[in-house]
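Have a look at the structure below, then the notes.
Index from 1, following the sequence. It should be emphasised that the depicted structure is a prediction, and the values quoted were computed from it without experimental measurement.
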Amino acid sequence: MIPATAHLQLVIDRWADLADALTARQQTTWPPTMGITRIVLDEDARAAHTAERLDTAPDAPGTRPVPLDLDIYDAMRDVEHQLVHLADVIASQIQRPAMTRAPRGAGWTPEEIARRDQLAAADAADPRRWTWPRLAEDAEDRRRPPGPERERLARTAIGAAAWLAGRVENRPGPFLPLGPTRAAQITAVAAAAAARVETALRIARRAAAVDWPCPACRGQLEVHGGDGQPPAVRCADCGRSWHEPESTAA
């Protein structure tokens, strides 16, 4: 079983890749549109299909890439929401409240008051603490586009992933022990977040059954891919497989 820290680290390591992919052209359907026919058809049909695509004018009607990859955008927002929300919940349960300032009129000397207030301020500003929403400030943070300037803020996917990893690893700080139930909760959310990131970046290979019978035995065909590598088709009954032909340089 992959530990929660590994899933959280994947989110941290791949977040910049997601930001870069926002404006990159990617295939957004799975199984790939027309992928089965392109792989299984014979060479003549494949050549005719390729020639037809080459003959299409760039301004012809049809699907065109958009400036922003909405699948990537949705994945980033969803992962961030899930991790930040989980950090809010976990922090509300295990994060110790900050030390209070010195009481006034309780017989404390000015030196004692100053010292206690200094300790209280330092405790409240402890960078290991999870930061709570601050309404207008938090709303302004969310309007910032993804990037280094925004990721330095704590209430982001990277900030939440790093904070949750610290709790799983039981790093020191103003916290109660995490406990097995909360640890399992973090593991589940972290695994789902990592899977969403992998799927969005096409680095998670998947298999899907398709309604195209095997030309050899009429058995069930499955298309394997979705990880950025050329898709392949395999018959689940006879084992025969087809692969995308490699392109050759002109």
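- Between the side chain of Arg104 and the main chain of Ala102, a donor-acceptor pair closer than 3.5 Å is present.
- Separation of atoms SG (Cys214) and CG (Leu221) is listed at 5.5 Å; rounding is to 0.5 Å.
- Panel note: side chain Glu112, backbone Thr109; a donor-acceptor pair is recorded below 3.5 Å.
- Taken to the nearest 0.5 Å, the CG atom of Asp71 stands 11.5 Å off from the CG atom of Leu18.
- For the atom pair Asp126 CG and Gln95 CD, the distance stands at 8.5 Å (nearest 0.5 Å).
- In this structure, Ala87 and Ala160 approach most closely via the heavy-atom pair CB-CB, 4.3 Å.
- Closest heavy-atom contact between Leu8 and Ala161: CD1-O, 3.8 Å.
- Of all heavy-atom pairs between Arg129 and Ala124, the closest is CD-O, 3.7 Å.
- Side-chain contact between Gln220 and Cys235 is absent, with no heavy atoms from C-beta onward closer than 4.5 Å.
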What verdict does the salt bridge (Lys or Arg N to Asp or Glu O under 4.0 Å) test give for Arg116 and Asp123, after you've listed the backbone C-alpha separation in whole Å, the side-chain angles of each residue and the deciding distance to 0.1 Å?
CA-CA 10 Å; Arg116 174 59 179 262; Asp123 187 36; over 6 Å; no
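- A heavy-atom distance below 4.5 Å is found between the side chains of Thr156 and Glu80.
- For the pair Glu198 and Leu10, the minimum side-chain heavy-atom distance is below 4.5 Å.
- Side chain of Ser92 to main chain of Val89: a donor-acceptor pair is present (N/O by atom type, distance under 3.5 Å, no hydrogens or angles).
- Taking both residues in full, the closest heavy atoms of Ile186 and Leu86 are given as CA-CD2, 3.8 Å, listed atom of the first, atom of the second, then distance.
- Asn170 is not listed as a side-chain neighbour of Pro177, based on a closest heavy-atom distance of 4.5 Å or more.
- At a threshold of 4.5 Å between non-hydrogen side-chain atoms, the residues Asp78 and Arg196 count as touching.
- The side-chain heavy atoms of Arg155 and Asp88, taken from C-beta on, include a pair separated by under 4.5 Å.
- Using a 4.5 Å heavy-atom cutoff, the side chains of Arg182 and Gln93 are in contact.
- At a threshold of 4.5 Å between non-hydrogen side-chain atoms, the residues Leu178 and Ile90 count as touching.
- Residues passing the side chain to side chain contact (heavy atoms under 4.5 Å, CB included) test with Leu119 are Met99, Arg115, sequence neighbours excluded.
- Ring geometry for Trp163 against Trp130 counts as tilted: the plane angle lies between 30° and 60°, on a 0 to 90° scale.
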Pair Arg77-Asp74, salt bridge (Lys or Arg N to Asp or Glu O under 4.0 Å): steps then yes or no
CA-CA 5 Å; Arg77 292 306 183 194; Asp74 289 343; over 6 Å; no
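- Between Ala193 and Leu83, the shortest heavy-atom distance links the atoms CB-CD2, 4.3 Å.
- Under a cutoff of 6.0 Å and an axis angle of 45°, Arg167 and Phe175 form a cation-pi pair.
- Checked by atom type and distance alone, the side chain of Arg234 never pairs as donor or acceptor with a backbone atom of Val223 at under 3.5 Å.
- Contact between Ala165 and Thr5 at its shortest, heavy atoms only, is O-CG2, 4.2 Å.
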